[in-house]
Amino acid sequence: MNRIWKVALLLVVVLAFFYFWDDGFKENDPLESPVKPGTAISGGEGLQQQEEGSMAKRPDRGISTFVGKPASELLEAFGNPERKDLSAFGFEWWIYPSDPMVMAGVSDNVVNQIYSGDREADVYPYSNGQSSEDIYRSSLIESELAVGEGDNQYTFVLNGEDIKNKMLIQYDGLFAQLYIDETQGELEAVRFVEPMTLVKQQPYDLFYKGEMVDVKKPSSEDQFAVDRALERQILDITNLYRGNHGLNKLKKDYRLQVVAREHSKEMALENYFSQDSPTSGTLANRLKLADIEVKKAGENIALNYTDAIEAVHGWLNSPAHRDVLLDEDFTHIGTGAYGNYYTQNLVQEIEKPAP
């Protein structure tokens, strides 16, 4: 009998060791957007129609007032952007990285959307860091929102997850996307966007009557520029969110960037979606092949999100991906984008003595 108890005790110890043992590498299951690009559905019988005069009045102050205005007003308020990034939808992202951090979409010299997760940004009638309960109490949350242009009618349908962490509020000629941090129960960021731009980007299930808006596919050269832009924006937004949660900003590491970029590229070209590469294996092995020595590492990958804003928000609200995104030990990051595939590698690098 004593022998049986000893064997059982040894088995418990071994299982506990494997349960709590951490080799320092965190690879999560892939995260795929619930809405795939280009899946708008023609028809929509029974869905609500847009009613004239039924929408709330647009905010009269804050960054939302730039939407629909000439880009010159943006320049007057914020100055020249640090950079201009090409988007997959043909417009430019004007990037203001600080004081406050703002991203503005500009098409034909007109602002079509503006985004910020900066706690100092004026996102009236909301405030970043605001309680989500407060927003639910003060806002009319609907699961169907319609917009029309000529004879064409477009209806966004929000699923249960959208209602919880990416609600959509409609104003006269303007939509507000509210990005909620479910864990903290706070508003993490806001995007104000003009209706037809939202139709083109299609971040929610979309039904339409008439003709669907045509979105021109980027050329190979433009797609390369879009991918590099997405990589920079993922870094910007990741560091913004880490700052919001009291964490250190991550330093960009070019070697990590190459590892992340090659993984996104291989997934796209070889048509698979996994943390493990059929040619270079696990994250640990890919870092070893790149001669990157780390104490700890984590990887997040995503597919089919509209843009960097949507991808990082998806990671933030997925518990396992959130743990990587907001790990206090990480010091460096590499981001890689290839089409609709996104990868970020976060690591705590081993400090080497100066030569």
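Sequential numbering from 1 along the given sequence is applied to the chain's residues. Keep in mind that what you see is a predicted model, and the values were worked out from it rather than measured.
- Side chain to side chain, Asp329 and Gln348 fail the donor-acceptor criterion of an N or O pair below 3.5 Å.
- Residues passing the side chain to side chain contact (heavy atoms under 4.5 Å, CB included) test with Asn165, sequence neighbours excluded: Glu161, Ile180, Glu182, His313, Asn317.
- Taking a 6.0 Å sphere around CG of Asn248, one finds it holds more than 12 heavy atoms contributed by other residues, nucleotides or ligands.
- Residue pairs meeting the ring pair (Phe, Tyr, Trp, His ring centres under 6.0 Å) criterion with at least one partner in residues 97-143, sequence neighbours excluded, are absent.
- Ion pair Asp181/Arg322 flagged as a salt bridge, since at least one NZ, NE, NH1 or NH2 atom sits closer than 4.0 Å to an Asp/Glu carboxylate oxygen.
- Listed by first then second residue, pairs satisfying side-chain hydrogen bond (donor to acceptor under 3.5 Å, both in side chains) with a partner in residues 92-112 read Glu92-Trp94, not counting sequence neighbours.
- Gln233 and Asp307 are not linked by any side-chain donor-acceptor pair at a separation below 3.5 angstrom, with hydrogens and angles left out of the test.
- For residues 152-171, the set of pairs meeting the ring pair (Phe, Tyr, Trp, His ring centres under 6.0 Å) definition, not counting sequence neighbours, comprises Phe156-Phe175.
- When the salt bridge (charged side-chain N to carboxylate O under 4.0 Å, His left out) test is applied to Lys166, the partners found at least two apart in sequence or on another chain are Glu310.
- Under the 4.5 angstrom side-chain criterion for Ile, Leu, Val, Met, Phe, Trp and Tyr, the cluster partners of Tyr254 are Val258.
- The pair Arg255-Glu349 meets the salt-bridge criterion, with a side-chain N (NZ, NE, NH1 or NH2) lying under 4.0 Å from an Asp/Glu carboxylate O.
- For residues 62-72, no pair satisfies side-chain hydrogen bond (donor to acceptor under 3.5 Å, both in side chains), with sequence neighbours left out.
- Leu269 belongs to a hydrophobic cluster with Tyr338, counting contacts under 4.5 Å between side-chain heavy atoms of Ile, Leu, Val, Met, Phe, Trp and Tyr, direct or through other members.
- With 3.5 Å as the limit, one finds a donor-acceptor pair spanning the side chains of Thr197 and Glu194.
- The residues Arg232 and Asp85 are annotated as salt-bridged, a charged nitrogen and a carboxylate oxygen being separated by less than 4.0 angstrom.
- When hydrophobic side chains of Ile, Leu, Val, Met, Phe, Trp and Tyr are connected at separations under 4.5 Å, Ile333 ends up clustered with Leu235, Leu250, Val324, Phe330, Leu346.
- In this structure, the side-chain hydrogen bond (donor to acceptor under 3.5 Å, both in side chains) partners of Asn300, at least two apart in sequence or on a different chain, are Asn28, Gln344.
- Not counting sequence neighbours, the partners of Ser280 by the side chain to side chain contact (heavy atoms under 4.5 Å, CB included) test are Ser277, Arg286, Leu289.
- Summarising the local packing, CD of Glu73 is surrounded by more than 12 heavy atoms from other residues, nucleotides or ligands at distances under 6.0 Å.
- Here Leu303 is tied into one hydrophobic group with Met267, Tyr272, Phe273, Ile301, Tyr341, each link being a pair of ILVMFWY side chains closer than 4.5 Å.
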